[in-house]
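The structure appears below as structure tokens.
Starting from 1, each residue takes its place in the sequence as its number. Because the structure is predicted, anything quoted here is derived from the model rather than measured. Quick note: numbers below take in every heavy atom, side chains included, and nothing from hydrogens, waters or symmetry partners.
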Amino acid sequence: MAGSLNKKLGVLGGGQLGRMMCLAVANMDIAIDILDKDHQFPAGQFANRFVEGDFKNYDDVYKFGKTVDVLTIEIEHVNSEALHQLKAEGIIVHPDPSTLDIIKDKGLQKQFYEAKGLPTSPFVIYDDFIELKKAIQSNEVMTPFVQKARTAGYDGKGVAVIKSAKDYHKLLQVPSIIEPLVAIEKELAVIVSRNESGEIAVFPTVEMEFLEDANLVNTLICPARLEGNLNRYLTNMAKEIMIAYNVCGMLAIEFFLTKSGEILINEVAPRTHNSGHHTIESSLTSQFEQHVRSVLNLPLGSTKMRSPSVMINLLGAPKYSGPVIYQGLEKCMQLEGVYFHLYGKKETRPFRKMGHATIINNNLETAMQNANFIKENFKIISNQSV
Ligand code: ADP
């Protein structure tokens, strides 16, 4: 079944992003096939066809890719050799496998910005941990600094913030990049999409607050509270980055606004992103529908805001690990303009992303208050502890 467009769309990854992509286009009768390990994963219920397999495995990706017309991703860490081969055999692959190869390696990503003259913090690549240790001993690398694994990191898992020698035990023994610790005023994100016809659409800038220690987005605020013409500057820069990468689909760009007022690119993801979840309710087109529109070369939807919004991630409470129990849901559902998205994960773990909630309100302050009410009253626990 190919749905309304007579084109088969395949997605590598069946987590919450894949699930929300399936849901976003179900009304348009666009069918999505998904490849991931277990049909019990979040997208399992909503995929047109869920193929069990490993998106890191060449054969699994190749075989799956041969059954669709257009192939895209919900996660970067997929087998890219298979994507190159599929592209060579005529399957449309978005993002382009060569672009994906750059983006999924933080070292290559940083070198890309350097080569294109795009603003990012200085960095040094250390492929050998012994070399990094020597550089630290000889004060070539001095605290405070941030170490990032070149590949396979996500949600802060490949990031070590080394404030002083006391943090050396956190050093990652993998090929990595070292950056100075930036004095961050605000973390911002812009999502931008592009289709093959070259149409580009940019969503309004969002502001992100992170959970200390876990490096996970805690609260997202849209529109970002920015002075002067910073939003316009970021919108133009997002277009420039999109054109430099030549991506079709979605590109989520994370920026740092530094205490001295500089804008630095932190990193990008060539897919739908946590910083765009609010668009489901707060924008005329959601990021998930936009991604599908762009990879299928359909006209892009309007990115105009319907309403200011706050998005909070709903994470597994610390100390609980086991079958999930949602506590306080009914109380929080009584608030006006609150939309819960629970991803259907059967098991909770400390800080596991189990869902999110978007709160819309014409008054951003009221939306913030309602978000705080949910943070205090909604808990994801289990009757089993860690
Ligand atoms: P991930 O790919 O896991 O999301 P990021 O590169 O986005 O990793 O880093 C996660 C978080 O760590 C950032 O959102 C930011 O809060 C913090 N961080 C990353 N790099 C720096 C830096 N150079 N200076 C200060 N904080 C940083």
Side-chain angles (χ1 to χ4, degrees), residues 11 13-27 32 34 36-48 50 74-75 154-155 206 208-211 214 216-222 271-283 286-289 291 307 309-361 367-368 370-386:
V11 177
Q16 58 261 25
L17 299 175
R19 173 186 176 104
M20 289 186 271
M21 217 187 290
C22 293
L23 286 168
V25 293
N27 276 340
I32 298 183
I34 298 237
D36 208 335
K37 277 188 184 149
D38 187 337
H39 69 277
Q40 301 242 26
F41 284 179
Q45 269 173 285
F46 302 104
N48 171 56
F50 194 100
E74 64 133 39
I75 181 163
Y154 68 99
D155 281 348
V206 301
M208 297 178 291
E209 285 170 9
F210 280 74
L211 200 64
L216 274 168
V217 176
N218 189 21
T219 308
L220 182 141
I221 299 158
C222 183
R271 55 167 169 82
T272 56
H273 194 255
N274 201 175
S275 61
H277 287 0
H278 63 294
T279 57
I280 297 173
E281 288 87 11
S282 82
S283 173
S286 81
Q287 65 160 345
F288 299 100
E289 179 177 333
H291 184 74
S307 162
S309 61
V310 173
M311 190 281 309
I312 54 173
N313 277 328
L314 303 172
L315 307 177
K319 300 201 185 107
Y320 295 98
S321 195
V324 63
I325 299 172
Y326 303 112
Q327 212 175 54
L329 183 61
E330 289 181 25
K331 195 170 170 187
C332 295
M333 282 170 67
Q334 290 169 31
L335 294 172
E336 186 183 280
V338 170
Y339 298 89
F340 272 90
H341 297 255
L342 300 173
Y343 304 147
K345 297 181 185 177
K346 307 275 178 286
E347 302 261 321
T348 183
R349 287 193 298 274
F351 302 108
R352 186 175 191 199
K353 274 188 196 164
M354 301 296 287
H356 74 267
T358 299
I359 303 100
I360 64 167
N361 200 291
M368 296 280 272
N370 289 344
N372 286 335
F373 183 88
I374 297 170
K375 280 185 201 166
E376 275 158 32
N377 290 282
F378 181 71
K379 298 274 179 264
I380 299 176
I381 57 166
S382 174
N383 51 18
Q384 291 172 20
S385 51
V386 184

Q.
Quick one about H278 and Q287 (side-chain donor to acceptor, distance below 3.5 Å, no hydrogens or angles considered), yes or no?
A. no
Task: Trace of the side-chain contact (heavy atoms from CB on, under 4.5 Å) decision for I221 with E209 - done: CA-CA 8 Å; I221 299 158; E209 285 170 9; 3.9 Å; yes
L17 vs I75 side-chain heavy atoms within contact, under 4.5 Å: no
With sequence neighbours left out, the residues meeting salt bridge (Lys or Arg N to Asp or Glu O under 4.0 Å) with E74 are none
Residues at least two apart in sequence or cross-chain that pass side-chain contact (heavy atoms from CB on, under 4.5 Å) with R352, listed by chain then number, are K345, E347, R349, M354
The side-chain hydrogen bond (donor to acceptor under 3.5 Å, both in side chains) partners of K379 (sequence neighbours excluded) come to none
Practice problem: Find out whether M20 and Y343 are in side-chain contact, i.e. whether some heavy atom of one side chain is under 4.5 Å from a heavy atom of the other. | Solution: yes
Nearest heavy-atom approach of P350 to V386 is CG-CG2, 3.7 Å
Residues passing the ring-ring contact (aromatic ring centres under 6.0 Å, His included) test with F210, sequence neighbours excluded, are none
Here the gap from N218 atom CG to M208 atom CE, rounded to the nearest 0.5 Å, amounts to 12.0 Å
Closest non-hydrogen atoms of I34 and G14, given as atom of the first, atom of the second and distance, are CG2-CA, 3.6 Å
Nearest heavy-atom approach of G316 to T348 is CA-OG1, 3.3 Å
By side-chain hydrogen bond (donor to acceptor under 3.5 Å, both in side chains), S275 pairs with (sequence neighbours left out) H273
Residues passing the ring-ring contact (aromatic ring centres under 6.0 Å, His included) test with Y326, sequence neighbours excluded, are none
Taken in chain and number order and not counting sequence neighbours, the residues that satisfy ring-ring contact (aromatic ring centres under 6.0 Å, His included) with H341 are H356
Closest non-hydrogen contact found for C22 with A47 is SG-CA, 3.9 Å
Value for CD1 (I374) from OG1 (T358), rounded to nearest 0.5 Å, stands at 9.0 Å
One should read off an interatomic distance between C332 SG and E376 CD, to the nearest 0.5 angstrom, of 10.0 Å
L329 meets the side-chain contact (heavy atoms from CB on, under 4.5 Å) criterion, sequence neighbours left out, with M333, F340, L342, F378
Item to complete: Could you walk me through whether D36 and F50 pass the side-chain contact (heavy atoms from CB on, under 4.5 Å) test, one step at a time?
Response: CA-CA 7 Å; D36 208 335; F50 194 100; 3.6 Å; yes
Sorted by chain and number, sequence neighbours left out, side-chain contact (heavy atoms from CB on, under 4.5 Å) with S283 holds for F203, T279
Interatomic distance, OG@S307 vs CD1@I359, rounded to 0.5 Å, equals 11.0 Å
CE of M21 to OG of S286, rounded to nearest 0.5 Å, is 10.0 Å
(request) Could you walk me through whether K353 and L315 pass the side-chain contact (heavy atoms from CB on, under 4.5 Å) test, one step at a time? (result) CA-CA 5 Å; K353 274 188 196 164; L315 307 177; 3.7 Å; yes
side-chain hydrogen bond (donor to acceptor under 3.5 Å, both in side chains) filter on K375, not counting sequence neighbours, yields T219
With sequence neighbours left out, the residues meeting side-chain contact (heavy atoms from CB on, under 4.5 Å) with Q45 are R19
Y320 atom OH, neighbour heavy-atom count above 12 within 6.0 Å:
no
For a side-chain contact (heavy atoms from CB on, under 4.5 Å) check, start with the C-alpha distance between I280 and F288, then their side-chain angles and the critical distance, and finish with the verdict.
CA-CA 8 Å; I280 297 173; F288 299 100; 3.7 Å; yes
Contacts of N313 meeting side-chain hydrogen bond (donor to acceptor under 3.5 Å, both in side chains) (sequence neighbours excluded), chain-then-number -> N274
Here the gap from S282 atom OG to I360 atom CD1, rounded to the nearest 0.5 Å, amounts to 7.5 Å
